[in-house]
Number of protein chains: 2
Amino acid sequence: MVHDGRMTLVGICEDDPDVRRVLTDALKMGGHRVVIARNGREAVENLGRDSGVEVLILDIGLPDADGRDVCQALRANGQHAPALFLTAFDAVHDRVSGFHAGGDDYVVKPFAISEVLVRVESLARRARPQPASISGLVLNPDRLSVHVEDREATLTPTEFRLLAAIAREPGSVVRRRTAVAAAWPDGAIVHENTIDSYIRRLRVKLASIDSPVELTTVRGVGFTLR
Amino acid sequence: MVHDGRMTLVGICEDDPDVRRVLTDALKMGGHRVVIARNGREAVENLGRDSGVEVLILDIGLPDADGRDVCQALRANGQHAPALFLTAFDAVHDRVSGFHAGGDDYVVKPFAISEVLVRVESLARRARPQPASISGLVLNPDRLSVHVEDREATLTPTEFRLLAAIAREPGSVVRRRTAVAAAWPDGAIVHENTIDSYIRRLRVKLASIDSPVELTTVRGVGFTLR
DNA sequence: CAGAACCTGCACATGACCTGACTGCATCGA
DNA sequence: TCGATGCAGTCAGGTCATGTGCAGGTTCTG
């Protein structure tokens, strides 16, 4: 399985060990990683701003707190990851109001695992940095594509990672080594020349969609977008 | 929750007070009004032709009747509002064996309220009830089929779940693992290759009805519709 | 000019994916 | 009861996209 960079770090706050287990297993099956909190206190400790958590799954009916309060606390702490609330059947009223207020999502217990999985990924997608647009050039991670106006070119995973690394700071120069490290994340050792091949392919594909942005070389340093 | 601001009068026939409560609250929060029936008899009394009800929500597993029969009775009575059936998770077989009580919609319990709200509003908005459509491609859960214009292909349950999972986010790539987790919900372990076989079958069936939508592979990542 | 850095085109191994056929199982109707 | 049917899942073998490296040419810099 190729690492495509869209693994999501999910923070779970749930007191029931069985439910925790089910969620954890399903998410790991889906290729994600999980951080656990057993109650509101642990949630604030483990799922805060600096935890790297991208999506929150919060049980509303915690023994020591309401999941929405936990959410509020985390938000106040600078954690803005979208939340998926788990609620029991008999707490609808609060749930609905919370949902309307937040823009987050919720699922009623007992839930289908596939439902949770799909929703988590949907939330993660929405929360991800919006498709960065550099003078008309748009990178679309969901489709591994780059498009300008209505023209689209599909990229391979490696091509996409490389272009994304360079496009991250439009205008400024990305060093060769930096680009390699970004496009080959797991420390893979690639031939010096390989990156040139990819740069070339990217140039060809960008040209094929009449991109207004050019992928130029800064000799002795790296590459940049103009 | 987005809707078009039109208030809809929804008729609910459901014996479980908790579920009634959940539905009622959610629909009211969504800006709709509700008429209640606790069983089949009350449904025929309260939700008939002259009740003004625009959308029906009918539990299939009523104590005194089958929701489908209730629907039939209402139809015979001149009530032609589109119906949303609630079915228990373990009664999928009924659905497979196909009730065509008017090509309406259904939701499997346990359900997410947002799901119900979306479907109710969808049913209310359209003159004829219509399941989710992706650029001409229509998935019909009632009949386990997919059709485009007047051409229809029937799917097996597994095929349907897989296609539904991929069609859920049209345009964006659904990763292999996600698709597997969604189409084989109970954590079943299937051979790596199995999904390929199903993808192929779906492609054949989509081609057989001249689908404008193609089920394409994004190598190393997953599948997408376009 | 020399040497380095980079570009270009191509070759090729790998593995992801496709394809068609097969087996086992459950259901259904005669 | 028994075969017919259809579905789920597996398998073996082939195909092809992708990632990678190489050879040779071109451009830049001093």
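Just so you know, these numbers come straight off a predicted model, no measurement behind them. A note on names: the letters A, B, ... follow the listed sequences, proteins ahead of strands, and every chain is numbered from 1.
Atom CD in A:Glu192 sits about 11 Å away from atom P in D:dG21, given to the nearest Å. D:dT20 atom C1' lies 14 Å from atom CG of A:Leu162, rounded to whole Å. The distance from atom CZ of B:Arg161 to atom C1' of D:dG9 is 13 Å, rounded to the nearest whole Å. Residue A:Arg175 contributes atom CZ, which lies 12 Å from atom P of C:dC6 at whole-angstrom precision. At whole-Å resolution of the value, CZ in A:Arg177 and P in C:dC6 are 11 Å apart. Atom pair B:Tyr198:OH and C:dT19:C1' shows a separation of 16 Å (rounding to whole Å applied). Atom CD1 of B:Ile195 and atom C1' of C:dC17 are 12 Å apart (whole Å). Whole-Å rounding puts the B:Ile199 CD1 to C:dC17 C1' distance at 11 Å.
As judged by a 4.0 angstrom heavy-atom cut-off over every strand, B:Arg201 is placed among the base-contacting residues. In this structure, B:Thr194 reaches the bases: a heavy-atom distance under 4.0 Å links it to at least one base atom across the strands shown.
With sequence neighbours excluded, the residues that form a salt bridge (Lys or Arg N to Asp or Glu O under 4.0 Å) with B:Glu42 are B:Arg38. In terms of the salt bridge (Lys or Arg N to Asp or Glu O under 4.0 Å) criterion, residue partners of A:Arg21 (sequence neighbours excluded) are, by chain and number, A:Asp25. For A:Arg49, the side chain to side chain contact (heavy atoms under 4.5 Å, CB included) test picks out no residue, with sequence neighbours left out. With sequence neighbours excluded, the residues satisfying salt bridge (Lys or Arg N to Asp or Glu O under 4.0 Å) with B:Arg41 are B:Glu45. For A:Ser145, the side chain to side chain donor-acceptor pair (under 3.5 Å) partners two or more places apart in sequence, or in a different chain, are A:Glu152.
Between D:dA8 and B:Thr158, a contact under 4.0 Å exists linking OP1 or OP2 to a side-chain N or O. B:Trp184 has no side-chain polar atom (N or O) that falls below the 4.0 Å cut-off from OP1 or OP2 of D:dA8. OP1 or OP2 of C:dA5 has not a single side-chain nitrogen or oxygen of A:Arg176 nearer than 4.0 Å. Within the 4.0 Å cut-off from OP1 or OP2 of D:dA8, not a single side-chain nitrogen or oxygen of B:Ser197 is found.
Both B:His191 and A:Leu155 sit near DNA chain D, but only B:His191 has its closest nucleotide nearer the 5' end.
With A:Leu84 as reference, A:Val120 is the one residue of A:Val120, A:Leu58, A:Leu56 to meet the side chain to side chain contact (heavy atoms under 4.5 Å, CB included) rule. Paired with A:Val190 under the rule side chain to side chain contact (heavy atoms under 4.5 Å, CB included), one option of A:Val180, A:Thr158, A:Ile195 passes, and it is A:Val180.
Side-chain atoms of A:Asn193 and base atoms of C:dC6 include no donor and acceptor less than 3.5 Å apart.
Of the candidates C:dC18, D:dG19, D:dA8, D:dG19 carries the atom nearest the A:Thr156 side chain, counting heavy atoms from C-beta on. Here the nucleotide nearest the side chain of B:Val190, chosen from D:dT20, D:dG9, D:dG13, is D:dG9. The side chain of A:Asp196 lies closest to C:dC7 when the candidates are D:dA8, C:dC7, D:dG19.
Checking side-chain atoms of B:Arg161 against main-chain N and O of B:Ala183 turns up a donor-acceptor pair under 3.5 Å.
For the segment residues 204-222 of chain A, residues with any heavy atom less than 4.0 angstrom from an atom of DNA chain C are, sorted by number, A:Thr217, A:Arg219, A:Gly220.
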